[in-house]
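This report refers to the structure that appears directly beneath it.
Heavy atoms only: backbone and side chains are in, while hydrogens, waters and symmetry mates are out.
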Amino acid sequence: MKTKFDKEYSINASPQLLYQYISTPSGLTEWFADNVNSRGEIFTFIWGDSEEKAKLASKKSDEKVKFRWLDEDDKDSEYYFELKIILDELTKDVTLMVTDFAEEDELKDQQQLWDNQVADLKKVLGSA
């Protein structure tokens with residue numbers, strides 16, 4: 001049983017630019033995985049020798065993208081990760097909200113992994 005968690009990151013970039021980096025294979029390859037390929041709605045994320053598949057469950061232009069992990073039989077699992085762009089209408093501050101799941105004993109490690117990956121994203125965006 002995995003635990004759901006949310007993390008917020010302040011990003012100094014437009015929602016339109018940020019969306020390109022969270023929703024396209026080329027954008028995700030720049031910061032999230034070593035390589036990302038897509039065939040239709042199925043995205044393959046590659047880290048070193050490890051490969052995970054996820055289905056693009058939903059997306060809304062310049063706002064959010066949600067990937068549902070597939071099991072070894074390419075069936076939807078109950079776990080997903082979602083990247084949501086929140087724009088403060090008043091201040092125009094942009095926040096990236098990450099929703100993910102982790103085993104209880106791996107929660108801190110998984111959150112640290114997101115911290116590192118989003119730090120890479122900020123470097124790519126020039127907002128670090």
Side-chain angles (χ1 to χ4, degrees):
M1 188 70 196
K2 293 185 177 184
T3 304
K4 181 178 171 183
F5 67 89
D6 293 316
K7 289 216 62 168
E8 284 188 24
Y9 301 94
S10 182
I11 307 278
N12 189 10
S14 73
Q16 296 79 12
L17 179 63
L18 181 54
Y19 186 75
Q20 295 305 310
Y21 282 93
I22 67 171
S23 65
T24 64
S26 60
L28 287 161
T29 297
E30 297 240 11
W31 68 279
F32 184 71
D34 296 336
N35 197 5
V36 180
N37 302 310
S38 70
R39 182 168 269 139
E41 293 182 334
I42 305 301
F43 282 61
T44 304
F45 298 91
I46 301 161
W47 294 274
D49 296 334
S50 165
E51 190 175 289
E52 297 283 335
K53 286 185 179 175
K55 183 170 149 189
L56 182 59
S58 65
K59 69 176 181 178
K60 190 167 184 186
S61 233
D62 301 338
E63 281 186 33
K64 70 175 185 167
V65 61
K66 180 177 180 178
F67 293 96
R68 184 166 300 280
W69 293 112
L70 300 179
D71 63 19
E72 52 277 349
D73 300 321
D74 285 348
K75 301 272 187 270
D76 287 359
S77 78
E78 61 186 291
Y79 301 112
Y80 65 87
F81 71 97
E82 183 176 60
L83 304 169
K84 190 182 292 185
I85 301 167
I86 301 161
L87 175 64
D88 184 306
E89 289 300 328
L90 225 49
T91 63
K92 300 298 181 203
D93 289 344
V94 175
T95 302
L96 180 64
M97 170 75 83
V98 174
T99 302
D100 198 3
F101 293 82
E103 300 287 344
E104 197 61 52
D105 61 342
E106 296 175 359
L107 198 55
K108 281 199 172 25
D109 289 343
Q110 189 69 15
Q111 290 175 338
Q112 182 65 51
L113 184 63
W114 276 109
D115 290 348
N116 294 339
Q117 287 176 302
V118 173
D120 289 345
L121 172 60
K122 287 181 175 187
K123 281 186 203 135
V124 169
L125 288 167
S127 84

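Remark: D71 pairs with D73, K75 by the side chain to side chain contact (heavy atoms under 4.5 Å, CB included) rule, at least two apart or across chains. Listed by chain and number, the residues in a ring-ring contact (aromatic ring centres under 6.0 Å, His included) with W31 amount to none (sequence neighbours excluded). By the side-chain hydrogen bond (donor to acceptor under 3.5 Å, both in side chains) test, T99 pairs with D6, sequence neighbours left out. A search for ring-ring contact (aromatic ring centres under 6.0 Å, His included) contacts involving F43 returns F67, not counting sequence neighbours. For D115, the side-chain hydrogen bond (donor to acceptor under 3.5 Å, both in side chains) partners at least two apart in sequence or on another chain are K7, Y9.
Summarising the hydrophobic clusters (Ile, Leu, Val, Met, Phe, Trp, Tyr; side-chain heavy atoms under 4.5 Å, direct or chained), the residues clustered with I46 are none. Cluster partners of I42 are L70, counting Ile, Leu, Val, Met, Phe, Trp and Tyr whose side-chain heavy atoms approach within less than 4.5 Å, directly or via other members. Residue L113 is found outside any hydrophobic cluster, as its side-chain heavy atoms come under 4.5 Å of no other Ile, Leu, Val, Met, Phe, Trp or Tyr.
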With a cut-off of 3.5 Å and sequence neighbours excluded, list every side-chain donor-acceptor pair involving residues 77-97.
residue: S77; atom: OG; partner: W69; partner atom: O; Å: 2.9
residue: S77; atom: OG; partner: Y79; partner atom: N; Å: 3.1
residue: S77; atom: OG; partner: Y79; partner atom: O; Å: 3.3
residue: Y79; atom: OH; partner: K2; partner atom: N; Å: 3.2
residue: Y80; atom: OH; partner: K4; partner atom: NZ; Å: 3.4
residue: D88; atom: OD1; partner: L90; partner atom: N; Å: 2.8
residue: D88; atom: OD1; partner: T91; partner atom: N; Å: 2.9
residue: D88; atom: OD1; partner: T91; partner atom: OG1; Å: 3.4
residue: T91; atom: OG1; partner: D93; partner atom: N; Å: 3.2
residue: T91; atom: OG1; partner: D93; partner atom: OD2; Å: 3.2
residue: K92; atom: NZ; partner: E89; partner atom: O; Å: 3.3

Counting only pairs under 3.5 Å, give me each side-chain donor-acceptor contact of residues 13-27, with atom names and distances, residues two or more places apart or in other chains.
residue: S14; atom: OG; partner: L17; partner atom: N; Å: 3.1
residue: S23; atom: OG; partner: Y19; partner atom: O; Å: 2.6
residue: T24; atom: OG1; partner: Q20; partner atom: O; Å: 2.7
residue: T24; atom: OG1; partner: G27; partner atom: N; Å: 3.0

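Within the structure, every pair that satisfies the salt bridge (charged side-chain N to carboxylate O under 4.0 Å, His left out) test and touches residues 29-53, not counting sequence neighbours, is listed here: K53-D74. Identified under the side chain to side chain donor-acceptor pair (under 3.5 Å) test for residues 100-110, with sequence neighbours left out: T3-E104, D100-Q110, D100-W114.
In this structure, the separation between NZ on K55 and NZ on K66 is 11.5 Å, given to the nearest 0.5 Å. In this structure, the separation between CH2 on W47 and CG on N35 is 11.0 Å, given to the nearest 0.5 Å.
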Derivation of the side chain to side chain contact (heavy atoms under 4.5 Å, CB included) call for V65 and L56: CA-CA 8 Å; V65 61; L56 182 59; 3.3 Å; yes

